[in-house]
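See structure below.
Quick caveat: nothing in here was measured; it's all calculated off a predicted structure. Hydrogens, waters and symmetry mates play no part in the numbers below; they use all other heavy atoms, side chains included.
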2 protein chains.
Amino acid sequence: MNRKKNSITVADVARAANVSKATAARVLGGYGVASESTRRSVIEAADRLGYQPNELARSMSTGRTGLIGVVVGDIENAFFSRAVRGISDTARAAGLNVVIANSGERPEQEREMVSVLLRQRVAGLIVAPTDDRDVRHLKDAIKAGTPVVTLDRWVPDLGADGVCGGDHAAATEVMEHLLVNGHRRIAYVTAVDLTDGRLSDLSDIPISAVRERVRGFMDAMHGTGIANSATFVRGGAVDSRSIDGIIDGLLTDEQRFTAILASDSLIGAEIYRSLSARGIRLPKDMSLVSWFDADWTRVTSPPVSIIDQPTYLFGQTAVKRLIARLEGQAIPPDQIVIPTPFIARGSTGKSRTTG
Amino acid sequence: MNRKKNSITVADVARAANVSKATAARVLGGYGVASESTRRSVIEAADRLGYQPNELARSMSTGRTGLIGVVVGDIENAFFSRAVRGISDTARAAGLNVVIANSGERPEQEREMVSVLLRQRVAGLIVAPTDDRDVRHLKDAIKAGTPVVTLDRWVPDLGADGVCGGDHAAATEVMEHLLVNGHRRIAYVTAVDLTDGRLSDLSDIPISAVRERVRGFMDAMHGTGIANSATFVRGGAVDSRSIDGIIDGLLTDEQRFTAILASDSLIGAEIYRSLSARGIRLPKDMSLVSWFDADWTRVTSPPVSIIDQPTYLFGQTAVKRLIARLEGQAIPPDQIVIPTPFIARGSTGKSRTTG
DNA sequence: TGACAGATTGATACCGGTCTCACTACGATT
DNA sequence: AATCGTAGTGAGACCGGTATCAATCTGTCA
C-alpha cells in the first residue's frame, strides 16, 4: 500500500485535541452535537494540523458522492461547452461537482464513459446520447438507481428526463421564413452518416434532435407540394473536405439550390467558408441558416441567420431536474422543451429565382 | 445511512462463487493469483450478478484515485475548451479521469476549486492560475504531495511545471511584421483590469502570459524609439460594452492608431465587430491581430491574422508532464514552451499613414 | 436524597475494496 | 521418508470517514 500522502485524518485531530475520534468527527463533519469548548479545541487542532477532509472516505461511508457525471459529444464544440458551463455553474451552486467525459459521438465510447462514471459512483448522469436506438447502458444506470437526464436529445422509452430544444418548431419557423421568401430548393446538411450521404428514411437518423429538425424540414417542403424533399438532405458533413464535397454537389445539382440549413455551427462555419471561397454571395446567390448562435455568426458579413439554442440554459435546466430526482421527486420522467427561436440576420433573403 | 443503491460487492460475488472474499477480490481486481478454475467461476458469478467495481472503495484502500483535477478560467472559451479536450483525450488514454472546474478568472474561486479537488483526492492538478502573485494554495498542494502543472501561465517560484506559449517571442514576431509594414501607433488590448484601463507597471499584470506579450510589445516599441508605449496598452476589455468603449477611445485618441493586438480571441471578435460596426475597414483603415486561432477568424473578410496557440497540444503536454510526475520522475520543475507562431492573414497590411 | 431527563462523549461497527500473512496441499529434491 | 519450494486460498487488518448506541455527567424535581 504505497500511500504517498501523509494526510491528516480525524483520528490525528482527535488525538491532538484530546477527544475521541467520534467527537472530532462530529465537529469536523458538521453533524451531531458537541459542547462549545470541545468544538473550539477540535477546530483549533484541525487548523493547526492543516486537516483536509477526505471526500472519498466520506462518500464511502455515506454512500453519496456529490458528483454528477456529464457525457457530451465534444466539449470543444461551443454548443456543448456552453452547456457544460451551465451545468458546472448550476451544480457548483448546489454543492455538486462535475466530472466531464467526451463520447466523440461514438456509441461505444459513450457506453465506456458511462460505465466509468458509474464505477465512480456519480450521483446522477447528464448525457447527450449518441444513438437513440442503443440506450441499454442508460436504462441499466436508471434501473440501478442513478438518475439520468438526457441533454439536447430525447429518448421516449428510456424513462429519463430530457432537456431539448424545440427542434421541429424551429425547423418549421425557418422553413416558413425561407418559403415566404420564395425558396423551394432548400438543402439540409448534417453530420449524420447517411448511406451515400442521402436520406432514405427518417429512422436512419439516430439523434432525435436532428431527426426532428429534418422532419420539420420535410413537413414544410411537403406542405408546398414538394414530395422528394428527402433527396434534399445531405449527410456526412464531418469535416472541411466532406463539406466542400457537399457544397460542390449542391452547386452542381440539377436542383438549383437557393438555401442551405446547417445542422450545427461547425457545419455552418464550414459551409460559410466553402461558399465564400467559391465566390457565392449571401444572401444574393444563396441563403444560409445555421443552428446555434456561435461567435462566428456575428462577425461574418452578412451575419448569419441562426436558430438560437440557449445551451447554457439547457445545462442549467438539466442539473435542476437531476437535483429534483436526487431529492427523490417521483414525478414521471418527461421532456422539457426549451424554445429555440429562429433569428433572421443578413444571410437569408429572397430566393434569387424569384427575386 | 441511506444507501440508496443495493450494489453488488466482492463479498456477494465471493459467496455466489463459493470462495473467500480475498480470492474473489484477487480475480476481480486483477491482482494476485488464482487458479484457472476459480477464476472462471468468480468471473461467471460476477457476470451473473452484474458486479460493478466501486472505484471509490478501491481508491480508498489503494490511496490513489485515477483522477486529475483541471481548473481553467472558463471552459466556454474555446482556448480552454480545446485545451480541456487535449487534457481529456490524453488522460483517458492513460486511464485517468478528469474533473473540470472553472475559476472564472477569479482568485478566490480558483482557491475554492483547488480545495474542492484536493478534498476529492485528485492525483494531480492542471491549473491556469488567475494571479501569479497569490499561489499559496498551489504551493500547499505541491507540498502535500499533489503535483501541479500550470497551463498557459508560468509561475517561476512555484515549483511546478508549466506549459505555456512563447508569448514574448510571438509578440516580437507580430510587432516585427507590423513595424515593417509601417505601423507605429499600435494598441494592445487585454481583459486584465488596469487602473483607469492604463498600464503603469508591468507587474500590474497578474498573468504571466499577458505580461510576457506586453513585454514583447513594449520591447519592440522601444526598439523603434517609442518610449511611451505603456500608454498604448488598454485593459478592462471584458465585454461588448467595455470593448466598444476602448475602440472609441482608440479611434479618437490623438495618437492615430493604425493597428490593434487583441490579447485573446473573445476580445478579438468583439474588436472586429466593433470596428465593422463603425465602418472601419481592415486592413486599409486598421490592422488587427488576435491571439488564438478561433473559428471566427477564418470566416471574416478579410480573415484575421492570428497568433496560433495550439492549446490542444498545451493540454496534451500538461497531462504528459503530470503523468511523469505521478510516476515519480524527480527532474526539477520547468517551463515547457510551446511555439505560438504568428500567422499573417488579410487583416494586417501596410499602415495607412505610410501606405 | 434519590430518580430522571437532557446534554456530551466514547467505543465500535461499517462502507467495499486492497493487501499482508499464515496455512494447506502437493510435487520435487535429497 | 523427511524436507523444501511453491501455487492457491482464506482470515482479517486497514483506508478515513459516518452512524449507532451505550456510558457518563449534569442539573432539576419529587
Side-chain angles (χ1 to χ4, degrees), chain A residues 1-42 45-46 49-67 118-121 123 144-145, chain B residues 1-43 45-46 49-66 118-121 123 144-145:
Chain A
M1 210 173 292
N2 59 339
R3 178 167 326 285
K4 61 158 197 244
K5 310 192 193 178
N6 43 351
S7 46
I8 310 297
T9 72
V10 276
D12 298 327
V13 175
R15 211 169 304 126
N18 257 318
V19 297
S20 72
K21 184 184 157 198
T23 300
R26 268 189 289 261
V27 173
L28 297 171
Y31 61 94
V33 288
S35 72
E36 194 45 41
S37 64
T38 57
R39 153 166 277 107
R40 252 200 305 276
S41 73
V42 167
L49 297 177
Y51 170 76
Q52 287 275 75
N54 183 330
E55 217 55 57
L56 240 52
R58 188 168 282 174
S59 300
M60 178 85 254
S61 113
T62 59
R64 40 195 134 79
T65 56
L67 283 181
L118 288 176
R119 285 204 281 268
Q120 222 75 244
R121 293 301 189 262
Chain B
M1 210 174 293
N2 60 341
R3 178 165 326 285
K4 61 163 199 247
K5 311 193 193 177
N6 45 350
S7 47
I8 309 298
T9 72
V10 276
D12 298 327
V13 175
R15 210 168 306 125
N18 257 320
V19 297
S20 72
K21 184 183 154 198
T23 300
R26 268 189 288 263
V27 173
L28 298 171
Y31 60 93
V33 288
S35 73
E36 195 44 42
S37 63
T38 57
R39 153 165 277 107
R40 252 200 304 276
S41 73
V42 166
I43 287 177
L49 297 177
Y51 170 76
Q52 288 275 75
N54 183 331
E55 218 54 57
L56 240 51
R58 188 168 282 173
S59 300
M60 178 87 254
S61 118
T62 58
R64 42 194 132 80
T65 61
L118 288 177
R119 285 204 281 268
Q120 223 74 243
R121 294 299 189 266

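Side-chain atoms of B:Thr62 come within 3.5 Å of backbone N or O of B:Arg58 as a donor-acceptor pair.
Between B:Asn54 atom CG and C:dC15 atom C1' there is a gap of 9 Å when expressed in whole angstrom units. Rounded to whole angstrom, the span from the CD1 atom of B:Ile8 across to the P atom of C:dG17 amounts to 10 Å. Taking atom CZ on A:Arg58 and atom P on D:dG17, their separation rounds to 8 Å, with Å as the unit. Here the P atom of nucleotide C:dG16 and the CG atom of A:Leu56 are 14 Å apart, to the nearest Å.
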Derivation and outcome, side chain to side chain contact (heavy atoms under 4.5 Å, CB included), residues B:Ser59 and A:Met60 = CA-CA 10 Å; B:Ser59 300; A:Met60 178 85 254; over 6 Å; no
Give every donor-acceptor pair under 3.5 Å between a side-chain atom in residues 22-32 of chain B and any protein atom, sequence neighbours left out.
unit_1, atom_1, unit_2, atom_2, d
B:Thr23, OG1, B:Ser20, OG, 3.2

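Residues forming a side chain to side chain contact (heavy atoms under 4.5 Å, CB included) with A:Ala17 (at least two apart in sequence, or on another chain): A:Val19, A:Ser41, A:Val42, A:Ala45. Scored by the side chain to side chain contact (heavy atoms under 4.5 Å, CB included) test, A:Arg40 finds A:Glu36 as partners (sequence neighbours excluded).
OP1 or OP2 of D:dG17 sits under 4.0 Å from a side-chain N or O of A:Tyr51.
The stretch residues 13-23 of chain A participates, sequence neighbours left out, in these salt bridge (charged side-chain N to carboxylate O under 4.0 Å, His left out) pairs: A:Asp12-A:Arg15.
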Would you give a per-nucleotide map of nucleotides 4-11 of chain D, 5' to 3', where B means the base has a protein non-hydrogen atom under 4.0 Å away, S means only the sugar-phosphate does, and - means neither?
-> ----SBBB
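Recorded end-axis angle for the helix from C:dT1-D:dA30 to C:dT30-D:dA1 stands at 70°, based on five pairs per end and rounded to 10 degrees.
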